[in-house]
Amino acid sequence: MLLAGLAFVAFAPSARVGFFADDFGYLNSTLGPRWYASKQIWDLSGQVLRPVTVIAIGVQHDLFAFRPFAFHLVALLLVVGEGGWIWLLARRLDIGEFGALTAAAVLVLHTTQGYLVMWTAATSSLYAVHFGLALVWLCAVPSLSRRRMAGATGLLLLALLSREICLVLPAIVTLVRWQLGSGRWWQRMRTALRETRILWLVLGGFVLTRVVAATWARTLPVDPNRLVPILDTSGFRRALPDSPTHLRDLLVLATSPFRFTLGPDGLAFPGWVVLSAALIWAVVCGLLVREFRAGRPLALVAMGWFLVGLVPPTLLQPEPTYVNYIDLALPGLALAVGVGFDRLLAGRSVRIRTAVGAVGLAMLTWVAFNGGNTLVKPPPAIISRPAQIIEQLRGEYPDGPPRGSTVVIDHTRGEDYLWTSKGDLARVLFDDPTLVVEFDPKID
């Protein structure tokens with residue numbers, strides 16, 4: 001309960017932001033009858049396939065209508081839920097209660113959670129992490145029964161239908177199974193791969209199905225509404241030259257910096273933030289070395305989870321939004337920190353552990369409040385401009401326009417076409433997918 005309260009305090013500024021960017025596109029896809037069966041939502045040929053996320057947003061839209069604060073509260077609850085999953089997983093991996101609570105605090109109060117609270121479209125990461133943690137927890141047992149593997153297969157498919165970063169989940173589960181095995185390291189790896197082979201087969205089948213669907217889609221007439229096909233590797237090629245920069249940025253971001261900016265070229269950090277990140281990583285590496293020398297590999301396995309989770313955002317996202325793909329890596333970092341501090345404070349008095357925990361929670365909350373709300377202090381045009389357009393439309397159409405009519409957005413600017421998701425803002429605001437939206441002056 002304390003951790004939940006701190007999360008609500010830390011990310012309250014982000015929870016007060018309205019919808020923006022592709023939020024309107026997601027919401028618009030949930031309008032109309034039988035929207036959940038739309039071909040666009042279930043397009044296996046596109047690079048972006050997130051029906052679980054779209055359906056979750058659609059259910060919330062049915063419940064809350066055009067009330068972004070309610071959506072943000074749901075996101076906050078999902079953030080807190082991640083803490084519950086990581087605590088359960090930590091305890092199952094025989095991490096002490098203090099270490100499990102540390103891992104939960106690091107994950108829940110991480111800077112990047114502010115983006116997910118603020119940006120409804122990015123809640124795909126929250127669903128991906130929930131399914132991912134549930135999958136790893138289900139598999140973190142001495143032996144895997146057929147029933148467990150059937151459940152794990154279902155969770156993997158749900159995760160893959162939430163966000164693309166879940167492609168690395170079988171590798172993460174294999175690492176955990178290696179940790180739970182016995183024998184020499186290569187024997188444990190061979191056993192772990194054998195135990196998780198069904199997950200690898202499901203992943204291969206999923207990718208193959210999507211490639212076949214994309215190949216077939218190439219034979220169809222050109223559809224301007226179809227997403228970029230999965231076979232289009234231009235984004236991957238553009239991302240490769242910047243991969244070292246992305247990795248550096250993500251390693252700094254992982255330390256929850258409380259001051260940074262996000263621009264067209266990606267993240268930018270003040271020099272002293274980079275220095276503080278280096279110091280934090282030095283402490284984490286020291287804890288890892290300490291665990292390794294003591295013959296306890298769990299912390300190293302958790303760090304391996306973190307590094308595996310960094311592969312998708314490092315390689316597959318050329319735009320600045322690569323920072324929003326770090327989420328599946330963070331549970332590994334949280335577990336590594338939890339293991340290290342649990343061992344470091346083992347045998348200490350309750351008073352000392354309580355004092356360290358209180359100071360740690362205060363620091364994490366302060367960092368989360370400052371860094372997690374970076375994009376809303378003050379809100380940039382991508383956030384503030386849609387809010388202005390919404391107020392303008394509400395003033396001009398207090399009772400809403402007739403269904404299927406044409407709405408003209410006056411005094412528009414160059415980016416308004418994108419910041420309203422090609423006019424989806426008006427369609428969602430007035431709950432009319434047939435609404436025609438025009439911009440004055442005309443925007444090409």
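As a basis for the values below, the full set of heavy atoms in this structure was taken, side chains included, without hydrogen atoms, waters or symmetry mates. These numbers come from a predicted model, not from an experiment.
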If you compare all heavy atoms of Leu393 against all heavy atoms of Phe430, which two are closest, and at what distance to 0.1 Å? O-CZ, 3.9 Å

Taking the side chain as every heavy atom from C-beta outward, state whether Leu107 and Leu335 have any pair of such atoms under 4.5 Å apart. no

Smallest heavy-atom separation, Leu328 atom then Trp305 atom, equals O-NE1, 3.0 Å

As an exercise, state the distance from CZ of Phe98 to CG of Leu101, rounded to the nearest 0.5 Å. 8.0 Å

Side chains of Arg50 and Tyr26: does their closest heavy-atom pair fall under 4.5 Å? yes

Suppose we screen for salt bridge (charged side-chain N to carboxylate O under 4.0 Å, His left out). Which residues come up paired with Arg403, at least two apart in sequence or across chains? Asp432

Would you say the side-chain atoms of Arg177 pair up with the backbone N or O of Cys139, donor to acceptor, closer than 3.5 Å? yes

Minimum heavy-atom distance Val202-Leu157, with the two atoms named: CG1-CD2, 3.8 Å

Pairwise distance OG(Ser276) to CZ(Phe269) - rounded to 0.5 angstrom: 10.0 Å

Whether Thr314 side chain and His246 backbone form a donor-acceptor pair below 3.5 Å: no

Quick one: CG on Leu310 to OH on Tyr325, what's the gap to the nearest 0.5 Å? 15.0 Å

Donor + acceptor pair across side chains of Ser421, Asp22 (<3.5 Å): no

Does Lys39 have more than 12 heavy atoms from other residues, nucleotides or ligands lying within 6.0 Å of its NZ? no

Output for pair (Leu6 CG, Leu2 CG), nearest 0.5 Å, gives 4.5 Å

Show your working on side-chain contact (heavy atoms from CB on, under 4.5 Å) between Asp327 and His110 and close with a plain yes or no. CA-CA 10 Å; Asp327 311 282; His110 195 274; over 6 Å; no

Check side-chain hydrogen bond (donor to acceptor under 3.5 Å, both in side chains) between Gln179 and all other residues, then give those that pass, not counting sequence neighbours. none

Check: Ser162 side chain, Ser124 main-chain N or O, donor-acceptor pair, under 3.5 Å: no

Ring center gap for Trp119 and Phe20 short of 6.0 angstrom: yes

Roughly how far apart are Tyr397 OH and Leu435 CG, rounded to 0.5 Å? 8.0 Å

Is there a side-chain contact between Ile41 and Tyr36, using heavy atoms and a 4.5 Å cut-off? no

If only atom types and distance count, is the side chain of Thr434 paired as donor or acceptor with the main-chain N or O of Gly404 below 3.5 Å? yes

Return a table of donor-acceptor pairs under 3.5 angstrom between the side chains of residues 69-97 and protein atoms on other chains or two or more places apart.
| unit_1 | atom_1 | unit_2 | atom_2 | d |
| --- | --- | --- | --- | --- |
| His72 | ND1 | Val117 | O | 2.8 |
| His72 | NE2 | Val17 | O | 2.4 |
| Glu82 | OE1 | Gln113 | NE2 | 2.9 |
| Trp85 | NE1 | His130 | ND1 | 3.4 |
| Arg91 | NH1 | Ile95 | O | 2.8 |
| Arg92 | NH1 | Trp137 | O | 2.6 |

The test is side-chain contact (heavy atoms from CB on, under 4.5 Å); show your working for Ile389 and His411 and say whether it passes. CA-CA 10 Å; Ile389 295 175; His411 314 296; over 6 Å; no

Who passes side-chain hydrogen bond (donor to acceptor under 3.5 Å, both in side chains) against Thr174, sequence neighbours left out? Thr196, Trp200

Residue pair Leu175 / Gly304: nearest heavy atoms and the distance that separates them: CD1-C, 3.7 Å

Does some side-chain heavy atom of Leu27 sit less than 4.5 Å from a side-chain heavy atom of Asp424? no

Side-chain heavy atoms of Leu160 within contact of Leu203, under 4.5 Å: yes

Between the side chain of Asp23 and the main-chain N/O of Ala121, is any donor-acceptor distance below 3.5 Å? yes

Minimum side-chain heavy-atom gap Leu49-Asp43 below 4.5 Å: no

Please say which of Val173, Leu155, Leu133 ends up in a side-chain contact (heavy atoms from CB on, under 4.5 Å) with Leu138. Leu155

For the residue pair Val52 and Phe131, what are the closest heavy atoms and their distance? CG1-CE1, 3.8 Å

Could you check whether any side-chain N or O of Glu415 sits under 3.5 Å from a backbone N or O of Ile382, counting only pairs where one atom can act as donor and the other as acceptor? no

Residues two or more places apart in sequence or in another chain: which of them pass side-chain hydrogen bond (donor to acceptor under 3.5 Å, both in side chains) with Arg385? Gln388, Asp416

Which atoms form the tightest heavy-atom contact between Lys377 and Asn370, and what is the distance? NZ-O, 3.2 Å

Does the side chain of Val168 reach to within under 4.5 Å of the side chain of Ile172, using non-hydrogen atoms? yes

Is the shortest heavy-atom distance from the side chain of Leu161 to the side chain of Phe206 under 4.5 Å? yes

Quick check: are there more than 12 heavy atoms from other residues, nucleotides or ligands sitting under 6.0 Å from CZ of Arg348? no

side-chain contact (heavy atoms from CB on, under 4.5 Å) between Glu291 and Leu298, worked out: CA-CA 8 Å; Glu291 290 297 296; Leu298 179 56; over 6 Å; no

Given the rule in the side-chain contact (heavy atoms from CB on, under 4.5 Å) test, do Leu135 and Leu169 qualify, once you have shown the distances and angles that lead to the verdict? CA-CA 8 Å; Leu135 169 60; Leu169 270 175; 4.0 Å; yes

I need the His61 NE2 to Leu31 CG distance, nearest 0.5 Å. 5.5 Å

State which residues pass ring-ring contact (aromatic ring centres under 6.0 Å, His included) with Phe66; sequence neighbours excluded, sorted by chain then number. Phe19

Using modelled atom types and a 3.5 Å cut-off, is there a donor and acceptor pairing between side-chain atoms of Asn373 and backbone atoms of Phe369? yes

